[in-house]
Amino acid sequence: MQDHDRITHVIAVGNQKGGVGKTTNTVHLAAALGQMGKKCLVWDLDMNHGATLHLGVPPEAFDGTFLVLTEERTPEEVIITEHEQDLELPENVHLIPSSRELERLEAVLAAKDRFYDARRILINPLRRLRGQYDYIFLDTAPNATAPTIASYVGADWFVISVIPESFALNGMRECLKDIRRARQPELNPNLALLGIIVSGLDQRITLARQYTAEIHESFKVEGSPSRMFDTTISRAAVIPRVQKLGKSLFQTDPTHKVAKQYLSLASEMDRRVQDLRGEALRASKGVANG
Ligand SMILES: Nc1ncnc2c1ncn2[C@@H]1O[C@H](COP(=O)(O)OP(=O)(O)OP(=O)(O)O)[C@@H](O)[C@H]1O
Ligand SMILES: [Mg+2]
């Protein structure tokens, strides 16, 4: 397939609680889809640059998110690809890295234009990238900084990461409220909740099972199927280990149970995207014809 011909799905991965698996899920979903032949971009929107480190990229060594959002560089100028020497990204995965500099973003934008609209800073850069990737994943920070809010306005889909603990479930409810707010007609009326990923699951712990059941129940609205993905990701000590190494499981332990779970989650997600998109297209044709 030619580049620029692709139908690009932009997925924001969120939960404003910290340490709930957003970065791990982003990196592993992109790597799993990459294995399946899909072209993916991971865009690190967090000043703590978790995805950048997880992909083995030294954050201060490359231009990235800060310069794109301050319009000093185009996204294409900063994307790190498989051609970058000394780095080893997962197959079919590219990265826009982040760094501490992102801390200054809001001050710099306000100094340039006091009327700038922080909510819309991702729209133009994403428009340029559409057509070049199958999936663009936006890895967000655990707070409502400008890039996090902008991800709700720029994305097509939202995926919520949760771990089965009460604080993470509260964060999930906050996310749902933010999705509703972002759907205002003048912001992003088409933003859809793609699904909820439950990870770090220890099946032996009854409480974890109860929380998972609770998530399922919360998302069975009006008889529709729950939005929680059927595939859950187990807790495994190998995850923090590969994160520190700057690698995905697909590069170090491709036969590990959790690598297989991520492949299954990625297929489920891809199928859901195609199904929901098909439904939306049929609905819009129905409206046009009716
Ligand atoms: N399935 C898992 N099993 C064991 N540990 C995990 C698993 N998933 C994530 N972790 C670990 O939990 C910690 C938090 O994960 P991660 O960095 O992905 O969360 P996050 O939501 O992106 O955090 P932040 O909000 O700080 O960016 C990390 O140390 C990670 O290695
Ligand atoms: Mg993170």
Side-chain angles (χ1 to χ4, degrees), residues 11-32 42-57 59 64-65 90 93 95-100 102-103 137-149 151-152 155 158-175 178 195-205 207-209 211-212 215 228-229 231-254 256-266:
I11 300 182
V13 182
N15 191 336
Q16 285 166 36
K17 299 291 173 193
V20 294
K22 297 182 288 294
T23 299
T24 310
N25 288 334
T26 303
V27 165
H28 283 89
L29 278 174
V42 171
W43 191 340
D44 191 343
L45 294 172
D46 184 356
M47 66 178 81
N48 288 321
H49 45 70
T52 304
L53 292 174
H54 201 331
L55 288 166
V57 175
T65 303
V93 176
L95 169 73
I96 298 184
S98 180
S99 69
R100 268 278 146 211
L102 199 57
E103 228 167 14
F137 287 95
L138 309 175
D139 185 28
T140 64
N143 49 38
T145 47
T148 304
I149 298 302
S151 76
Y152 286 85
F158 206 93
V159 163
I160 302 179
S161 278
V162 288
I163 52 173
E165 287 178 18
S166 59
F167 78 94
L169 298 189
N170 291 336
M172 177 182 83
R173 294 193 186 98
E174 284 301 306
C175 265
D178 286 341
I196 295 140
I197 303 175
V198 179
S199 69
L201 198 63
D202 190 338
Q203 286 291 2
R204 290 166 305 180
I205 299 177
L207 197 60
R209 276 205 304 271
Y211 281 134
T212 311
I215 298 168
M228 191 182 121
F229 288 109
T231 315
T232 54
I233 306 295
S234 304
R235 184 185 296 270
V238 71
I239 297 268
R241 204 155 49 215
V242 296
Q243 199 173 29
K244 282 200 194 84
L245 279 177
K247 293 264 194 283
S248 70
L249 272 179
F250 295 100
Q251 295 157 289
T252 59
D253 304 79
H256 193 282
K257 175 176 95 175
V258 172
K260 290 183 185 152
Q261 289 171 342
Y262 273 114
L263 278 175
S264 149
L265 181 63

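What you see below is based on every heavy atom in this structure, not just the backbone, and it leaves out hydrogens, waters and symmetry mates. Counting starts at 1 for both ligands and their atoms, in listed order.
Residue Val258 does not touch ligand 1, judged by heavy-atom distances below 4.0 Å. When heavy-atom distances to ligand 1 are checked against a 4.0 Å cut-off, Ala236 comes that close only through its backbone atoms N, CA, C and O. Using a 4.0 Å cut-off between heavy atoms, Ser234 contacts ligand 1 through its backbone alone, with no side-chain atom that close.
Closest heavy-atom approach to atom 5 (N) of ligand 1 within the set Gly171, Pro240, Ser199: this belongs to Pro240.
Nearest non-hydrogen protein atom to atom 20 (P) of ligand 1 is Lys22 N, 3.5 Å. Considering only non-hydrogen protein atoms, atom 18 (O) of ligand 1 sits nearest to Thr24 OG1, 2.5 Å. Shortest contact from atom 12 (O) of ligand 1 to any protein heavy atom: Gly19 O, 4.9 Å. Among protein heavy atoms, atom 10 (N) of ligand 1 sits closest to Ile239 CG2, 3.8 Å. Annotation: atom 27 (O) of ligand 1 to nearest protein heavy atom, Asp46 OD2, 3.7 Å. Nearest to atom 19 (O) of ligand 1 among the protein's heavy atoms is Gly21 N, 3.0 Å. Nearest protein heavy-atom contact of atom 29 (O) of ligand 1 is Gln243 OE1, 3.5 Å.
Residues Ser264 and Thr231 have side chains that bring a donor and an acceptor to within less than 3.5 angstrom of each other. In this structure, a donor-acceptor pair under 3.5 Å is absent between the side chains of Asn15 and Glu174. Side-chain contact annotation: Ser161 with Asn25, donor-acceptor N/O pair under 3.5 Å present. Residues Gln261 and Ser234 bring a donor and an acceptor atom of their side chains to less than 3.5 Å of each other.
Closest approach of Ala141 and Asp46 over heavy atoms only: CB-OD1, 3.4 Å. Heavy atoms only, all atoms of each residue included: Leu55 and Pro90 are closest at CD2-CD, 3.5 Å. When all heavy atoms of His256 and Ala236 are compared, the closest pair comes out as CE1-CB, 4.0 Å.
If you number the atoms of ligand 1 from 1 as listed, the ones under 4.0 Å from a heavy atom of Pro142 come out as 25 (O). Listed by atom number, the atoms of ligand 1 under 4.0 Å from Gly18 heavy atoms are 25 (O). Those atoms of ligand 1 that come under 4.0 Å of a heavy atom in Val20, given as number and element, are 19 (O), 20 (P), 21 (O). Below 4.0 Å from some heavy atom of Gly200 lie the following atoms of ligand 1, by number and element: 1 (N).
The shortest heavy-atom distance from Ser161 to ligand 1 is not under 4.0 Å.
Within the model, atoms CE of Met228 and CD1 of Ile196 stand 8.0 Å from one another, a figure rounded to the nearest 0.5 Å. Going from atom CG of Leu29 over to atom OG of Ser248 covers 11.5 Å, rounded to the nearest 0.5 Å.
Taking any N or O of Asn25, backbone or side chain, none lies under 3.5 Å from an N or O belonging to ligand 1.
Trp43 is not listed as a side-chain neighbour of Phe137, based on a closest heavy-atom distance of 4.5 Å or more.
Residue contacts to the Mg ion (ligand 2): Asn48 brings no N, O or S atom closer than 2.8 Å.
Ring centroid separation for the pair His28 and His54 comes in under the 6.0 Å cut-off.
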